[in-house]
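Take a look at the structure set out below.
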Amino acid sequence: MTHEAGIPLGIRFKLLSDTPQDSAAQVVSDVVVGDYRDLETLRAFARGCDVITFDHEHVPTEHLRALEADGIPVRPGPDALVHAQDKGVMRARLDAIGIPCPRHRIVADPEDVVRFAAEGDGFPVVLKTVRGGYDGKGVWVVETAEEAADPFRAGVPVLAEEKVDYVRELAANVVRSPHGQAVAYPVVESRQVNGVCDTVIAPAPDLDESLALRAEEMALRIAKELGVVGHLAVELFQTRDGRVLVNELAMRPHNSGHWSQDGAITSQFANHVRAVLDLPLGDPRPRAKWTVMVNVLGGDYPDMYSAYLHCMARDPKLKIHMYGKDVKPGRKVGHVNTYGDDLDDVLDRARHAAGYLRGTITE
């Protein structure tokens, strides 16, 4: 999707891919298959590149520092990206700059989890491995010391957090360029199912304007203080007592911004490309009153393309985005975007299309 955004600008992409079947490898012409965890592979790949950017945060921080030492621009740079790679580093830095977060600390063992719980309101407590978690993986909600044993088996530090009493999850998406220009997209509501993003509504319905501005300002401040270049997604909790707390950071085009492909004047993908190339950023304002994105998850029907006829005929304004992935139950294989003036109608159209593509709706 980032490659697609660069095509009208004549930007040539070179891709380091795990396998030839990866989504981007199916559309980028210059593909190198290799292991991003191997420094010499990265160095060989980077030769001749004007700038390096990412579609995930897992490239080792020390390798990115080596690329910078070789004179290759890396955006976002390792000093920024480490805050999306390591939840412990992220929490410490956000504390230092005064950004509100859930109560937290690194814990040493299950007994330390019990002490952490006693320091607050008791169990339940949320435990997270500081590196490697994604889409609910590496996250546990525990009620006892016995339940707290699993996270420590991964052999990496474990972060304990209070279980926040929240109304809903929000996301503030911003983009920042190397010389400090920044834009903010409308704050969206993100609805999760089994730890995976299911639905995004832009803008977040019934969100107090002052709270929306506070969320946007927090995201812009985080981007500036951390030196982010490119797209930054700040995932947030809206608490019952009227606050917004930072849950996670992502420094790449993000699922909570996919609505912008069809719902914003300039998509998150186009602005990410502009930012990493230090081009002027585009207008992030929405094109319609409401835009809804619903993820298409794999189900029991491997051939989703036969459902296009029904979905496109039923809703000519529907936008379908598929990723070229093998269909597996529960796996994100695409998303749909709908837009319009009536939120209930827009939500219904998006949910119907995503459900029909998955096979859970048959009429």
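All figures in this text were calculated on a predicted structure; none of them were measured in a lab.
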Which atom of T19 lies closest to which atom of A25, heavy atoms considered: O-CB, 3.8 Å

R105, CZ atom: more than 12 neighbouring heavy atoms under 6.0 Å: yes

Flag, side chain of S190 to backbone of E169, donor-acceptor distance under 3.5 Å: no

Smallest separation among heavy atoms of L170 and R168, with atom names: CD2-NE, 3.8 Å

Plane angle bin for H335 and Y323 - parallel if under 30°, tilted between 30 and 60°, otherwise perpendicular: tilted

Close side-chain approach of T239 and V164, heavy atoms under 4.5 Å: yes

D70 atom CG: more than 12 heavy-atom contacts under 6.0 Å: yes

P178 to D278 - nearest heavy-atom pair and separation: CD-OD1, 3.3 Å

Path from F54 to M251 over hydrophobic side-chain contacts below 4.5 Å: yes

Passing option when L232 is tested against N173, L220, I222 for side-chain contact (heavy atoms from CB on, under 4.5 Å): I222

For the student: nearest non-hydrogen atoms of P78 and R65, plus distance: CG-CG, 3.8 Å

Backbone N/O of R75 and side chain of T53: donor-acceptor pair under 3.5 Å: yes

Pairing residues for Y339 by the ring-ring contact (aromatic ring centres under 6.0 Å, His included) criterion, not counting sequence neighbours: none

Positive for side-chain contact (heavy atoms from CB on, under 4.5 Å) with V296, one of I320, V327, V333: V333

For F269, the option from H3, H258, H231 that meets ring-ring contact (aromatic ring centres under 6.0 Å, His included): H258

Atom CG of D206 with >12 non-hydrogen neighbours under 6.0 angstrom: no

Side-chain heavy-atom pair M293, N255 within 4.5 angstrom cut-off: yes

Hydrophobic cluster membership, V234 vs I97, 4.5 Å side-chain cutoff: yes

Pairing of D342 and K289 as salt bridge, 4.0 angstrom limit: no

Crowding at CD, E209 (>12 non-hydrogen neighbours, <6.0 Å): no

Exam field: side chain T266 to backbone D283, donor-acceptor pair closer than 3.5 Å: yes

Under 3.5 Å donor-acceptor, S260 side chain and Q268 backbone: yes

Flag if over 12 foreign heavy atoms under 6.0 Å of OH, Y166: no

Sub-4.5 Å side-chain heavy-atom contact between L127 and E147: no

Side-chain heavy atoms of P100 within contact of M218, under 4.5 Å: yes

Whether Y305 and Y308 hold their rings parallel, tilted or perpendicular, with breakpoints at 30° and 60°: perpendicular

Under 3.5 Å donor-acceptor, D22 side chain and A24 backbone: no

For the student: nearest non-hydrogen atoms of R274 and L281, plus distance: NH1-C, 3.5 Å

Same cluster (ILVMFWY, side-chain, under 4.5 Å), V33 and F13: yes

Connected via hydrophobic side-chain network under 4.5 Å: I11 and V276: yes

Criterion side-chain hydrogen bond (donor to acceptor under 3.5 Å, both in side chains) on N271 and Y185, from CA distance to verdict: CA-CA 11 Å; N271 263 334; Y185 288 88; 3.0 Å; yes

Side chains of V130 and V158 in contact at under 4.5 Å (non-hydrogen atoms): no

K163 side chain reached by V141 side chain, heavy atoms, under 4.5 Å: yes

Partner residues of E111 under the side chain to side chain contact (heavy atoms under 4.5 Å, CB included) criterion, sequence neighbours left out: D109, R115

Ion pair check, R43 and E40, cut-off under 4.0 Å: yes

R91 side-chain N/O to I106 backbone N/O, donor-acceptor pair under 3.5 Å: no

Backbone N/O of V346 and side chain of T338: donor-acceptor pair under 3.5 Å: yes

R176 side chain vs V229 backbone, donor-acceptor pair below 3.5 Å: no

Donor-acceptor pair, side chain of Q85 and main chain of E57, under 3.5 angstrom: yes

Salt bridge (charged side-chain N to carboxylate O under 4.0 Å, His left out) contacts in which one or both residues fall within residues 311-331, not counting sequence neighbours: D315-R349

Check: R252 and H254 side chains under 4.5 Å, non-hydrogen atoms: yes

Main-chain N/O of G263 paired to R287 side chain as donor or acceptor, under 3.5 Å: no

